[in-house]
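In what follows, every heavy atom counts, from backbone to side chain, and hydrogens, waters and symmetry copies are set aside. Positions are given from 1 along the sequence.
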Amino acid sequence: MSVASSRHFLQIPGPTNVPDRVLHAIANPTIDHRGPDFADLALEVFDKLRAVARTSADVVIYPSSGTGAWEAALVNTLSPGDEVLMYETGHFAELWSELATTLGLRPETIPGDWRSGVDPDAIEQRLRADTQHRIKAVAVVHNETSTGVVSDVPAVRAAIDAAGHPALLLVDTISSLGSIDYRHDEWGVDVTISCSQKGLMLPPGIGLNVISAKALLAAQSAKLTKAYWDWQPLLSAGKQGYFRYTPPTNMLFGMREALSMLLEEGLDEVCARHDRHAAATRAAVRAWGLEVLCRDPGTTPGTDHSSALTAVLMPPEHDADRLREVILEHFDTSLGAGLSKVAKKVFRIGHLGAFNDATLLGTLGVVEAGLGLAGVPHEPGGVTAAIAELTGRSGE
């Protein structure tokens, strides 16, 4: 067993590693959340969040997890008994559906295989059949963190429009905002749901909604019970840079710094960096002779490989959790577990947030060594394949 002599190597798909710049910002002295300095901080954070979400719409922030941001999106736009069309892309899509049921909504879930994204044609067909417009919202997960599959949000928007249906479009970007290309306004999203601990490079503790004009209009007649999650008082206070309750002041210091880092790098460059690391990871998986959980994007409508994480299928009769245990014991490195239907069948490599080539190669080296120590059948050379991908030599 190795003895930890440095920082633990955290390579799960979130919470992600927090950059020193952000940690130092969080360590600022706490300030008066009713004073002018706080208002300046909050207004700057709101503006930078809009830039990262590529929107001019209203933004609200909660001291919460992503689940809280899910709940906020539902209770502010819908009424008891409303139907919500969802798509089974993985564990987190299922959890969102369960939450909707708990709140008194009626989710209808289109079944999926946990290896593919949302099929826009299936969405369009179901909405065309809903001639009485009982479905009030379509809720999809942009990047399914449990499977490493990205769904085509513009195609879902086009499907809703092609069906001539008035349903709202609610999109979970919890593991995609700040790491995978996302455009709230351009893609016609009504509520974007996200949180702090993934691509935004912060500890857990902040949830957020980006809200379209159509969603604000829906909120005027929404009847689900809400108090803490109510958008209206938050929007009113937020225009002056304040919160209706005690805000996560020091987390907002950190968020301002994290958003600044993303904007300094450039959003297109941030996405390209994540794309590059994801491609190198898949090259390593192929070289090991293992299989990526996400199906071939070229054959599956609405599907793409995640650039935030890669879920890797284990060979039959081999336990992914045992591999993760070996890697943690020998290398003080954490990989993501398989969840729910894919528990013990996959392990997940997070490559998002504060992440560079050296971090990726270290992670893949640890995985390759762990495969050998755990007795998992594989071919050598995954790290070499990743290096070739990163250095532009993969075609040689």
Side-chain angles (χ1 to χ4, degrees), residues 7-19 22 90 92 141-150 173-182 194-202 258 261-262 265 267-288 290-294 297 304-313 320 323-324 327-328 331-339 342 346-371 382-392 394:
R7 181 179 294 183
H8 173 69
F9 221 52
L10 181 69
Q11 300 311 144
I12 64 176
T16 59
N17 295 289
V18 180
V22 175
F92 292 100
V141 177
H142 182 215
N143 184 74
E144 177 57 69
T145 322
S146 65
T147 63
V149 176
V150 174
T173 68
I174 286 171
S175 60
S176 59
L177 191 66
S179 55
I180 298 171
D181 187 35
Y182 184 77
S194 202
C195 65
S196 56
Q197 74 268 20
K198 310 264 186 183
L200 298 185
M201 303 183 293
L202 286 153
M261 291 174 68
L262 291 171
E265 184 177 353
L267 295 181
D268 292 342
E269 289 74 15
V270 168
C271 294
R273 169 167 56 85
H274 283 80
D275 292 346
R276 184 167 166 271
H277 289 149
T281 302
R282 294 193 298 272
V285 173
R286 289 192 297 269
W288 290 326
L290 301 179
E291 186 178 357
V292 174
L293 181 63
C294 178
D304 200 359
H305 287 296
S306 172
S307 290
L309 73 136
T310 300
V312 184
L313 277 165
L323 171 65
R324 292 174 54 251
I327 288 173
L328 179 62
F331 304 106
D332 195 25
T333 296
S334 292
L335 300 177
L339 301 172
V342 292
V346 306
F347 63 92
R348 294 176 298 149
I349 302 171
H351 34 74
L352 74 163
F355 200 85
N356 61 23
D357 289 9
T359 311
L360 177 63
L361 293 176
T363 302
L364 297 176
V366 161
V367 173
E368 187 159 337
L371 290 168
V383 177
T384 301
I387 291 170
E389 185 71 33
L390 292 173
T391 57
S394 58

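Distance alone, capped at 3.5 Å, is enough to place a donor-acceptor pair between the K198 side chain and the P13 backbone. In this structure, E144 contributes its side chain and V149 its backbone to no donor-acceptor pair below 3.5 Å. No donor-acceptor pair under 3.5 Å is formed between the side chain of T359 and the backbone N or O of F355.
Here the rule is side chain to side chain donor-acceptor pair (under 3.5 Å) with S306, and of N143, T145, T147 only N143 fits it.
Closest heavy-atom contact between A386 and L361: CB-CD2, 4.2 Å. Between L200 and G178, the shortest heavy-atom distance links the atoms CD2-CA, 4.4 Å. S146 and R348 get closest at one heavy-atom pair: O-CD, 3.7 Å. Between S179 and A308, the shortest heavy-atom contact is OG-CB, 4.1 Å. For I180 against S307, the heavy-atom pair with the smallest separation is CD1-N, 3.9 Å.
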Using the rule given for salt bridge (Lys or Arg N to Asp or Glu O under 4.0 Å), can you reason through R286 versus E291, listing the C-alpha separation, both sets of side-chain angles and the distance that settles it, and then say yes or no?
CA-CA 7 Å; R286 289 192 297 269; E291 186 178 357; over 6 Å; no
Evaluate salt bridge (Lys or Arg N to Asp or Glu O under 4.0 Å) for R7 paired with D332, printing each intermediate quantity in order.
CA-CA 9 Å; R7 181 179 294 183; D332 195 25; over 6 Å; no
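A side-chain N or O of H351 and one of T310 form a donor-acceptor pair less than 3.5 Å apart. Side-chain atoms of N356 and H277 include no donor-acceptor pair closer than 3.5 Å.
Remark: D268 CG to D181 CG distance equals 7.0 Å, nearest 0.5 Å.
Classified by interplanar angle (parallel below 30°, tilted 30° to 60°, perpendicular above 60°), the ring pair H142/Y182 is tilted.
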